[in-house]
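Just so it is clear, the structure is predicted and the values come from calculations on it, not from any experiment. Just the heavy atoms: all of them, side chains too, but no hydrogens, waters or symmetry mates, feed the values below. All chains are named by letter (A, B, ...) in the order of the sequence lines, taking the proteins before the strands, and each is independently numbered beginning at 1.
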There are 2 protein chains.
Amino acid sequence: MKYIDKLRNSGLRPTKQRLQICEVLFDTEKTFHFTINELDQKIKDKIDNKISLATIYNTVHAFEKKGYLKQIPINSNQTYFDTNVTDHHHFYDLKTEELIDLENSDVGPINIKRKINGKKIKSVEVLVKLED
Amino acid sequence: MKYIDKLRNSGLRPTKQRLQICEVLFDTEKTFHFTINELDQKIKDKIDNKISLATIYNTVHAFEKKGYLKQIPINSNQTYFDTNVTDHHHFYDLKTEELIDLENSDVGPINIKRKINGKKIKSVEVLVKLED
DNA sequence: ACACTTATTTAGAATCATTATAAAGTAGTT
DNA sequence: AACTACTTTATAATGATTCTAAATAAGTGT
């Protein structure tokens with residue numbers, strides 16, 4: 001199966017539920033953003049059986065930890081995830097609450113001049129808020 | 001009184017509680033980051049009477065709407081606010097969960113090349129995640 | 001295939017930040 | 001002082017996320 005390695009790599013046994021979650025997350029042409037509730041809905045739409053929220057949370061968090069998913073830093077009551085794990089940034093439309101990907105090439109190079117002793121930079125993320 | 005204008009400007013009547021909140025927020029040399037719970041604690045430390053959480057939320061949100069406070073876009077279970085409302089960015093130490101201000105001069109100019117029709121950029125915020 | 005150990009799924013409960021409610025109090029106005 | 005509109009407050013409601021413990025499934029050795 002296609003996603004067994006991804007699961008094992010994340011420390012998870014490949015179960016029916018997890019493979020179904022993988023299909024919804026990774027079996028798509030384009031990457032996308034989602035909240036847990038949206039993912040739950042997508043899963044319900046795609047397959048007939050429902051998967052419990054606890055399992056969805058568990059699986060998504062394992063993938064996030066392993067870098068197969070990214071959290072998008074944004075203040076919202078729900079956590080947003082991104083299946084696009086390449087370096088990239090976001091527009092956030094304050095009115096519609098919509099998140100839009102910025103390609104890395106849409107943003108000029110970012111130069112962080114300050115260093116913190118003993119720490120290294122893991123990621124640099126830009127959030128561009130849009131208004132009308 | 002020092003903060004009456006700020007309050008009126010935010011559409012709030014100057015009450016004892018709100019003036020006390022202002023003192024904790026704005027009567028400091030340095031700007032700082034806080035969650036609502038941390039602010040509640042600071043207020044308890046500084047004054048003897050306690051202010052109800054509802055009032056704190058209400059006041060902080062009015063200030064945020066008016067631009068006297070900023071929300072920091074970060075994924076956390078609690079919302080982080082910043083009394084530094086100038087354009088600036090943040091380091092976030094993943095291990096200690098500490099937020100550190102980056103001066104605007106610490107980050108080179110950021111060039112957003114893409115435009116969205118009918119929308120304008122309200123803010124550009126960079127979050128630099130740090131690891132060991 | 002069977003028995004055994006360990007991980008997983010699940011529904012439901014628990015937690016915790018935030019928001020809503022509605023009664024009692026306060027500010028601003030006349 | 002009287003009146004109206006806004007505030008404060010304790011408490012309840014909400015809603016996302018995490019926890020729990022019992023039932024189920026996966027992996028392993030025989």
Side-chain angles (χ1 to χ4, degrees), chain A residues 1 3-25 33-44 47-66 69 71-81 97 99, chain B residues 1 3-25 33-44 47-66 69 71-81 97 99:
Chain A
M1 296 275 247
Y3 300 113
I4 290 184
D5 291 346
K6 215 161 211 170
L7 285 164
R8 289 234 185 270
N9 216 287
S10 308
L12 300 176
R13 287 184 179 172
T15 63
K16 175 162 64 83
Q17 289 87 340
R18 287 173 179 160
L19 288 165
Q20 289 175 326
I21 293 172
C22 283
E23 278 174 34
V24 175
L25 287 178
H33 308 134
F34 65 92
T35 63
I36 295 291
N37 283 327
E38 287 165 358
L39 179 57
D40 186 38
Q41 196 50 58
K42 270 198 162 184
I43 291 167
K44 279 183 197 134
I47 65 181
D48 45 356
N49 60 321
K50 116 180 239 329
I51 298 178
S52 108
L53 272 180
T55 300
I56 298 176
Y57 272 102
N58 161 348
T59 306
V60 165
H61 284 145
F63 282 150
E64 198 253 330
K65 199 161 177 186
K66 205 59 192 181
L69 291 174
Q71 262 191 263
I72 301 173
I74 197 178
N75 281 114
S76 164
N77 53 330
Q78 288 178 87
T79 303
Y80 274 82
F81 293 91
E97 296 189 333
L99 266 173
Chain B
M1 296 277 246
Y3 300 113
I4 291 184
D5 291 346
K6 216 161 209 170
L7 285 164
R8 289 234 187 270
N9 217 289
S10 307
L12 300 176
R13 287 185 179 170
T15 62
K16 176 162 65 84
Q17 290 86 341
R18 286 174 180 160
L19 287 166
Q20 289 176 326
I21 293 172
C22 283
E23 278 174 35
V24 175
L25 287 178
H33 308 133
F34 65 93
T35 62
I36 295 291
N37 283 326
E38 287 165 359
L39 178 57
D40 185 38
Q41 196 51 59
K42 271 197 163 187
I43 291 168
K44 278 183 199 135
I47 64 181
D48 43 357
N49 60 320
K50 113 180 241 329
I51 298 178
S52 107
L53 271 180
T55 300
I56 298 176
Y57 272 103
N58 163 347
T59 306
V60 165
H61 284 144
F63 283 148
E64 197 252 330
K65 200 164 178 183
K66 205 60 191 181
L69 291 174
Q71 261 190 262
I72 302 172
I74 196 179
N75 282 113
S76 163
N77 51 331
Q78 289 179 86
T79 302
Y80 273 82
F81 293 91
E97 296 189 334
L99 265 173

* Asked: Are side-chain heavy atoms of B/Ile47 and B/Val24 found at a separation under 4.5 Å?
  -> no

* To do: Might you confirm whether atom NZ of B/Lys65 has over 12 heavy atoms from other residues, nucleotides or ligands at distances under 6.0 Å?
  => no

* Length of the CD1-P vector between A/Ile51 and C/dT10, whole Å -> 7 Å

* Asked: Taking atom P of C/dA20 as reference, at what distance in whole Å does atom CG of B/Leu53 sit?
  -> 15 Å

* Could you tell me whether A/Thr79 contacts a base, only the sugar-phosphate backbone, or nothing, with contacts defined as non-hydrogen atoms closer than 4.0 Å? => sugar-phosphate

* Do the side-chain N or O atoms of B/Tyr57 get closer than 4.0 angstrom to the phosphate oxygens (OP1, OP2) of C/dT18? -> yes

* **All side-chain hydrogen bond (donor to acceptor under 3.5 Å, both in side chains) counterparts of B/Asp40, not counting sequence neighbours** => B/Lys44

* Structure fact -> From the list B/Asn49, B/Thr55, B/Leu25, B/Ile43, side chain to side chain contact (heavy atoms under 4.5 Å, CB included) with B/Gln20 holds only for B/Asn49

* Asked: Which whole-number value in Å describes the distance from A/Lys44 NZ to C/dT10 C1'?
  -> 14 Å

* **Distance in angstrom units between B/Glu64 CD and C/dT18 P, rounded** => 12 Å

* To do: Kindly calculate the angle separating the two end axes of the helix from C/dA1-D/dT30 to C/dT30-D/dA1, each obtained from five base pairs, and round it to 10 degrees.
  => 30°

* **Residues forming a side-chain contact (heavy atoms from CB on, under 4.5 Å) with B/Thr35, sequence neighbours excluded** => B/Asn37, B/Glu38, B/Gln78, B/Tyr80

Under 3.5 Å between N/O atoms: give me all the protein pairs with nucleotides 21-23 of chain C, atom names plus distance.
none

* Asked: Reading DNA chain D 5' to 3', which nucleotide is the first, and which the last, to come under 4.0 Å of any heavy atom in chain B?
  -> D/dA5 to D/dA10

* Taking B/Arg18 for the side chain and B/Arg13 for the main chain, is one N or O donor matched with an acceptor at less than 3.5 Å? -> yes

* Asked: In whole Å, what is the span from the NZ atom of A/Lys50 to the C1' atom of C/dA11?
  -> 9 Å

* Asked: Separation of B/Gln78 atom CD from C/dC16 atom P, in whole Å?
  -> 11 Å

I'd like a table of atom pairs between the protein and nucleotides 25-28 of chain C - only N or O on both sides, under 3.5 Å - with the distance next to each one.
residue	atom	partner	partner atom	Å
C/dA27	N3	B/Arg13	NH1	3.4
C/dG28	OP1	B/Arg8	NH2	2.6

